[in-house]
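Fair warning: this is a prediction, and the values are worked out from it, not measured in the lab.
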Amino acid sequence: MAGIRAAVVVHPASGRGRAGRVADIVATRLQDQVGDLITDLVTVRVNTVEESRRLMGRAHDAGLDLVVVVGGDGSAHQGVQFCAERDVALAVIPAGTGNDLARTLGAPADPVAAADALVEDLLADRFTRIDLGRIEGEPAGSRWFAGVLCAGFDSAVNERANRMRWPSGPRRYDLAIVAEMARLRPGRLTVEQDGVRTEGEATQIAVGNIRHYGGGIPICPAADPTDGLFDLTLVGPASRLDLVRMLPGLRTGRHVEHPAVTTSRAGRVRLGEANGWVAYADGERIGPLPVEVTCVPKALNVVGRVVSD
């Protein structure tokens, strides 16, 4: 791929300011090492989702072939919205908290090392088309997701943490987990998979295009973003003790062996109302159930290769 018109897009506050600190290094690496391929390179710094959409729209009007997102999964989520709609290639430099999409694409955890790996991929012309989840009926700002859509206990934790004003950082989520664990109640959930409908009590559900969410948790350990299908992980009615017993297996994917957990695969999924559950995708709030999603094969062109771990 030659004559690339590229934009480095950075949310400076992402990763507690790490994205802002490494953005210029990433841009310099690209300019110095693949300058023959990149005919035009701009750096776009944005502080809000609205600003990101506005500035990216201007970049598109000027013509663009590649977006390099420097940030976490929330930043990557915004990049996905832009690139999928316009068939622009996406690269992700991990500089946020979760970095699960970057992990799926084989980027080193260190953002500077990831920039060097991106240079190698561009020089080798390594691109891959991956699937995306399309959220039916949603506005363009939240239409696509690349990672995992979830609802239930983990989304309730996100909801509570977002409402809290104290403390800051990871401690906020620790307290939100404790609070939600104390009020844990399974909900009545309807799940329709490729037209087949089931209903029952559930604690949470994850619809995965990729394996990981939450900073490396393989919630859908067999998910493959190139196979044209979602992987679903459903936790049925579970007690607090059941959730505690699942925790050690979360980092290895062995939580799916717990008797309360079932897995399946589908191309189209509808989650019905479940006592006020809210859906999140790529860590971003989508809204209350019901929600319907479709796996769209090869919807996004990314730099690099999908890795299994």
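In this structure a side-chain-to-backbone donor-acceptor pair under 3.5 Å is missing from Glu199 to Val191. Side-chain N or O atoms of Thr128 include one that pairs as donor or acceptor with a backbone N or O of Gly304 at under 3.5 Å. Judged by distance alone, with hydrogens and angles left aside, the side-chain atoms of Asp231 form no donor-acceptor pair with the main-chain N or O of Pro221 at under 3.5 Å. Side chain of Asp121 to backbone of Arg126: no donor-acceptor contact under 3.5 angstrom is found. Looking only at distances, no side-chain donor or acceptor of Thr263 sits under 3.5 Å from a matching main-chain atom of Thr233. Asn99 contributes no side-chain N or O that, together with a main-chain N or O of Ala102, makes up a donor-acceptor pair within less than 3.5 Å. For the pair Ser155 (side chain) and Val278 (backbone), a donor-acceptor distance under 3.5 Å is present. In this structure a side-chain-to-backbone donor-acceptor pair under 3.5 Å is present from Gln81 to Arg143. A donor-acceptor pair is defined here as one N or O able to donate and one able to accept, closer than 3.5 Å; such a pair exists between the side chain of Arg86 and the backbone of Phe82. Looking only at distances, a side-chain donor or acceptor of Thr203 sits under 3.5 Å from a matching main-chain atom of Gly236.
A salt bridge between Asp194 and Arg268 is absent, with no side-chain N of the basic residue lying under 4.0 Å from a carboxylate O of the acidic one. No salt bridge links Arg197 with Glu192; every basic N to acidic carboxylate O contact stays at or beyond 4.0 Å. Between Lys298 and Asp131 there is no salt bridge, since no side-chain N of the basic residue sits under 4.0 Å from a carboxylate O of the acidic one. Comment: Asp24 does not engage Arg29 in a salt bridge, judged by the lack of any side-chain N to carboxylate O separation of less than 4.0 angstrom.
For the residue pair Asp100 and His212, no side-chain donor N or O sits within less than 3.5 Å of a side-chain acceptor on the partner. With no hydrogens or angles considered, a side-chain donor-acceptor pair links Tyr213 and Asp154 at under 3.5 Å. Under the 3.5 Å distance criterion, with hydrogens and angles disregarded, no donor-acceptor pair is assigned to the side chains of Arg134 and Thr294. Residues Ser264 and Gln193 bring a donor and an acceptor atom of their side chains to less than 3.5 Å of each other.
Within a 6.0 Å sphere centred on CZ of Arg188, other residues, nucleotides and ligands contribute more than 12 heavy atoms. When the shell of 6.0 Å around CZ of Arg245 is examined, it contains 12 or fewer heavy atoms from other residues, nucleotides or ligands.
Residues Tyr280 and Val235 fall into different hydrophobic clusters, defined by Ile, Leu, Val, Met, Phe, Trp and Tyr side chains chained together at heavy-atom separations under 4.5 Å. The hydrophobic cluster containing Val112 does not contain Val70, counting ILVMFWY residues as joined when their side-chain heavy atoms lie under 4.5 angstrom apart, directly or transitively.
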Run the numbers on Ile286 and Ile135 for side-chain contact (heavy atoms from CB on, under 4.5 Å), then give the verdict.
CA-CA 9 Å; Ile286 301 303; Ile135 304 169; 3.6 Å; yes
Could you give me the CA-CA distance, side-chain angles and deciding distance for Leu90 and Val303, then say whether side-chain contact (heavy atoms from CB on, under 4.5 Å) is met?
CA-CA 6 Å; Leu90 176 70; Val303 182; over 6 Å; no
Can Arg265 and Asp227 be said to form a salt bridge (charged side-chain N to carboxylate O under 4.0 Å, His left out), step by step?
CA-CA 11 Å; Arg265 307 176 80 217; Asp227 65 0; 2.2 Å; yes
What's the verdict on side-chain contact (heavy atoms from CB on, under 4.5 Å) for Ile217 and Arg251, showing C-alpha distance, side-chain angles and the deciding distance?
CA-CA 5 Å; Ile217 297 172; Arg251 287 291 173 183; 3.7 Å; yes
Does the side-chain contact (heavy atoms from CB on, under 4.5 Å) test come out yes or no for Phe145 and Val80, once each step is laid out?
CA-CA 7 Å; Phe145 68 96; Val80 166; over 6 Å; no
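Shown here are the side-chain hydrogen bond (donor to acceptor under 3.5 Å, both in side chains) partners of Asp40, two or more places apart in sequence or in another chain: there are none.
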